[in-house]
Amino acid sequence: MPELPEVETVCRGLAVVLEGHRLAKVELRRTGLRIPFPPDFAERLTGRTIARISRRAKYMCWHLDDGWVVICHLGMSGRMVIGKDDGAAPEKHDHVILVTEAGDKISFNDARRFGLMDMATEEGLAAHRFFAALGPEPLTDAFDGKMLKAALAGRSSPIKPVLLDQTLVVGIGNIYASESLFRAGIHPTRPAESLTARECSKLVKAVKEVLAEAIAAGGSSLKDHRQPSGELGYFQHSFAVYDREGQPCPGCTCRESIRRMTQAGRSTYYCDKRQG
DNA sequence: CGGCAAACCTGCGAGC
DNA sequence: TGCTCGCAGGTTTGCC
């Protein structure tokens with residue numbers, strides 16, 4: 001569930017059960033995920049109230065009432081499952097289980113264990129090793145055509161893998177890189193530095209639109225999915241190109257099929273004609 | 001520094 | 001049925 005819109009959706013869902021709530025029980029079911037959990041992690045969380053939840057890039061930040069911040073990344077397969085503390089046995093790959101004083105249970109389930117949890121102080125957050133090198137948030141005014149044009153200078157790589165570089169701009173993952181380029185009509189193999197100022201502006205606009213629409217859709221699908229299972233981060237989209245190899249190109253009359261190629265080891269989906 | 005493959009893990013579907 | 005292979009929404013590391 002892990003690009004910016006999904007993380008944003010998970011944050012919003014978690015806020016409902018966590019913000020303003022005290023953690024009564026914290027269970028670690030292994031010693032770490034991608035990195036080890038911080039020393040005494042469970043003890044340091046237990047009894048703390050979560051004042052606020054925020055997001056930076058694809059990281060969640062749980063701001064505690066004692067000046068510490070829990071940093072959480074979902075990796076590729078991480079999910080936050082919300083339920084009740086009903087004594088049910090943990091699911092496979094439930095690595096961290098939190099129970100609030102209100103009786104809500106939040107399980108961090110991550111089959112591939114590319115996710116992580118860490119801690120930083122409020123003051124040390126921006127300088128934390130995960131955050132220090134990050135680029136601007138894509139949905140802020142700091143990300144505009146001019147900034148993108150400057151950032152692409154001297155980069156001869158194809159634009160698509162460059163969009164995944166979180167030091168350039170954060171939050172774009174493999175799905176939304178393809179979707180944004182399609183919307184902007186820019187071919188994924190174009191050398192990044194070859195994009196004109198006009199194309200940079202177009203691409204920025206496309207990225208912002210795609211991410212904003214995905215967040216909006218996540219909000220609505222979250223709402224009905226939550227009733228039965230309480231699961232967060234589930235996302236139902238209709239993608240224009242992603243995972244649509246061989247299907248007709250949507251939204252234009254070019255009659256081409258969506259193609260798939262591999263760039264820097266990851267799948268890219270595109271329409272050769274529309275993104276000519 | 002830029003760029004790329006490999007590595008970290010498990011699960012699933014396709015093909016034999 | 002069972003095996004192997006390739007692929008999966010991310011990030012880091014190590015090598016050229």
Side-chain angles (χ1 to χ4, degrees), chain A residues 1-11 29-37 55-60 71-80 90-96 108-118 128-135 138 150-182 188-194 207 210-211 213-215 217-218 221-222 231-246 259-269:
Chain A
M1 347 260 96
E3 296 181 44
L4 186 149
E6 290 74 26
V7 179
E8 180 64 31
T9 299
V10 171
C11 282
R29 306 192 64 247
R30 53 189 314 123
T31 57
L33 296 171
R34 201 176 83 208
I35 60 170
F37 295 127
R55 179 192 57 74
R56 171 76 173 110
K58 298 170 192 169
Y59 295 88
M60 281 183 278
I71 300 167
C72 178
H73 195 291
L74 296 171
M76 286 279 240
S77 55
R79 300 180 301 147
M80 291 289 175
E91 299 288 318
K92 194 175 186 182
H93 306 305
D94 278 352
H95 306 308
V96 179
F108 184 8
N109 183 288
D110 183 8
R112 296 178 72 181
R113 305 205 299 271
F114 291 169
L116 67 85
M117 289 184 105
D118 200 4
H128 189 281
R129 62 174 166 133
F130 298 139
F131 294 163
L134 291 179
L152 297 184
R155 300 196 64 162
S156 56
S157 284
I159 181 63
K160 191 269 187 167
V162 168
L163 277 183
L164 301 180
D165 179 357
Q166 304 293 299
T167 68
L168 193 151
V169 60
V170 302
I172 303 172
N174 205 39
I175 293 175
Y176 298 112
S178 283
E179 293 293 317
S180 300
L181 286 167
F182 173 80
T189 60
R190 285 276 303 283
E193 62 193 352
S194 76
V207 165
V210 166
L211 294 180
E213 287 171 22
I215 290 172
S221 85
L222 174 62
E231 182 178 320
L232 284 182
Y234 183 97
F235 219 52
Q236 195 120 15
H237 300 288
S238 38
F239 299 128
V241 290
Y242 186 81
D243 205 21
R244 299 195 62 228
E245 183 180 17
R259 299 195 192 185
R260 184 180 82 88
M261 72 165 122
T262 299
Q263 294 181 290
R266 322 228 21 215
S267 286
T268 301
Y269 297 87

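Note that the structure is predicted; figures quoted are calculated from it, not measured.
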From [options], pick the nucleotide closest to the side chain of [X]?
| X | options | answer |
| --- | --- | --- |
| R113(A) | dA8(C), dC8(B), dT10(B) | dT10(B) |
| A111(A) | dG11(B), dA8(C), dG10(C) | dG11(B) |
| M76(A) | dA8(C), dT10(B), dT11(C) | dA8(C) |
| S157(A) | dA8(C), dG10(C), dC4(B) | dC4(B) |
| F130(A) | dT12(C), dC7(C), dG3(B) | dT12(C) |
| K92(A) | dT11(C), dT10(B), dG11(B) | dG11(B) |
| H73(A) | dG11(B), dG10(C), dA8(C) | dG10(C) |
| P2(A) | dG10(C), dG3(B), dT11(C) | dG10(C) |

Original post:
Is there side-chain contact between E179(A) and V241(A), with at least one heavy-atom pair below 4.5 Å?
Top reply: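 SC-SC contact between E179(A) and V241(A) confirmed.
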
Original post:
Does some side-chain heavy atom of V170(A) sit less than 4.5 Å from a side-chain heavy atom of R56(A)?
Top reply: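 SC-SC contact between R56(A) and V170(A) confirmed.
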
Indicate whether OP1 or OP2 belonging to [N] is found under 4.0 Å from a side-chain N or O atom of [X].
| X | N | answer |
| --- | --- | --- |
| H93(A) | dC9(B) | no |
| S267(A) | dA8(C) | yes |
| R155(A) | dG3(B) | yes |
| S156(A) | dG3(B) | yes |

Original post:
Looking at A192(A) and V162(A), what are the two nearest heavy atoms and their distance?
Top reply: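 Minimum heavy-atom separation between A192(A) and V162(A): CB-CG2, 4.1 Å.
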
**OP:** Classify the ring geometry between F239(A) and Y176(A) as parallel (under 30°), tilted (30 to 60°) or perpendicular (over 60°).
**Re:**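 Plane angle over 60°, so perpendicular.
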
In whole Å, what is the span from the [atom1] atom of [X] to the [atom2] atom of [N]?
| X | N | atom1 | atom2 | result |
| --- | --- | --- | --- | --- |
| E91(A) | dT10(B) | CD | P | 18 Å |
| H95(A) | dC9(B) | NE2 | P | 12 Å |
| I71(A) | dT11(C) | CD1 | P | 14 Å |
| L116(A) | dC8(B) | CG | C1' | 13 Å |
| M261(A) | dC4(B) | CE | C1' | 16 Å |
| D110(A) | dT11(C) | CG | P | 13 Å |
| R266(A) | dT12(C) | CZ | P | 13 Å |
| E6(A) | dA8(C) | CD | C1' | 14 Å |

[X] side chain to [Y] backbone, donor-acceptor under 3.5 Å:
| X | Y | answer |
| --- | --- | --- |
| N109(A) | K92(A) | yes |
| E6(A) | E3(A) | yes |
| R244(A) | A240(A) | yes |

Original post:
Would you say F114(A) stacks on dC8(B), if stacking means ring centres under 5.5 Å apart and planes within less than 30 degrees?
Top reply: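 Per 5.5 Å and 30° rule: yes, stacked.
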
Original post:
About how many Å separate CZ of F114(A) and NE2 of H73(A), when rounded to the nearest 0.5 Å?
Top reply: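 Atom-to-atom, H73(A):NE2 and F114(A):CZ are 12.0 Å apart.
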
**OP:** Calculate, to the nearest 0.5 Å, the distance between atoms CG and OG belonging to L164(A) and S178(A) respectively.
**Re:**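 These two atoms lie 8.5 Å from each other.
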
Whole-Å [atom1] distance, [N] and [M]:
| N | M | atom1 | value |
| --- | --- | --- | --- |
| dC12(B) | dT11(C) | C1' | 23 Å |
| dG13(B) | dG10(C) | C1' | 22 Å |
| dT12(C) | dG11(B) | C1' | 23 Å |
| dC5(C) | dA6(B) | P | 16 Å |
| dG6(C) | dA5(B) | P | 16 Å |
| dC3(C) | dC8(B) | P | 24 Å |

Subject >> Watson-Crick or G-U counterpart of dG10(C), or none if no pair lies under 3.5 Å >> reply: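 Partner of dG10(C): dC8(B).
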
Original post:
Do the side chain of R112(A) and the base of dA8(C) come within less than 3.5 angstrom through a donor-acceptor pair of N or O atoms?
Top reply: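 In this structure, the two groups form a donor-acceptor pair.
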
Subject >> L152(A) and I159(A): CA distance, side-chain angles, deciding distance, side chain to side chain contact (heavy atoms under 4.5 Å, CB included) verdict >> reply: CA-CA 9 Å; L152(A) 297 184; I159(A) 181 63; 3.9 Å; yes

Original post:
For the side-chain contact (heavy atoms from CB on, under 4.5 Å) test, which of R260(A), M261(A), K160(A) pairs with Y269(A)?
Top reply: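 Among the candidates, only R260(A) passes.
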
Subject >> Residue-level proximity of residues 158-168 of chain A to DNA chain C when a heavy atom falls under 4.0 Å >> reply: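 Contacting residues: Q166(A).
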
List, with names and distances, any nitrogen or oxygen atoms from the protein found under 3.5 Å away from nitrogen or oxygen atoms belonging to nucleotides 13-16 of chain C.
none

**OP:** Identify, between R260(A) and G173(A), the residue whose nearest nucleotide on DNA chain C lies closer to the 5' end.
**Re:**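 Nearest nucleotide further toward 5': that of R260(A).
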
Original post:
Heavy-atom count around E91(A) CD within 6.0 Å, excluding the residue itself: above 12?
Top reply: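 No - once you tally the heavy atoms of other residues, nucleotides and ligands closer than 6.0 Å, there are 12 at most.
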
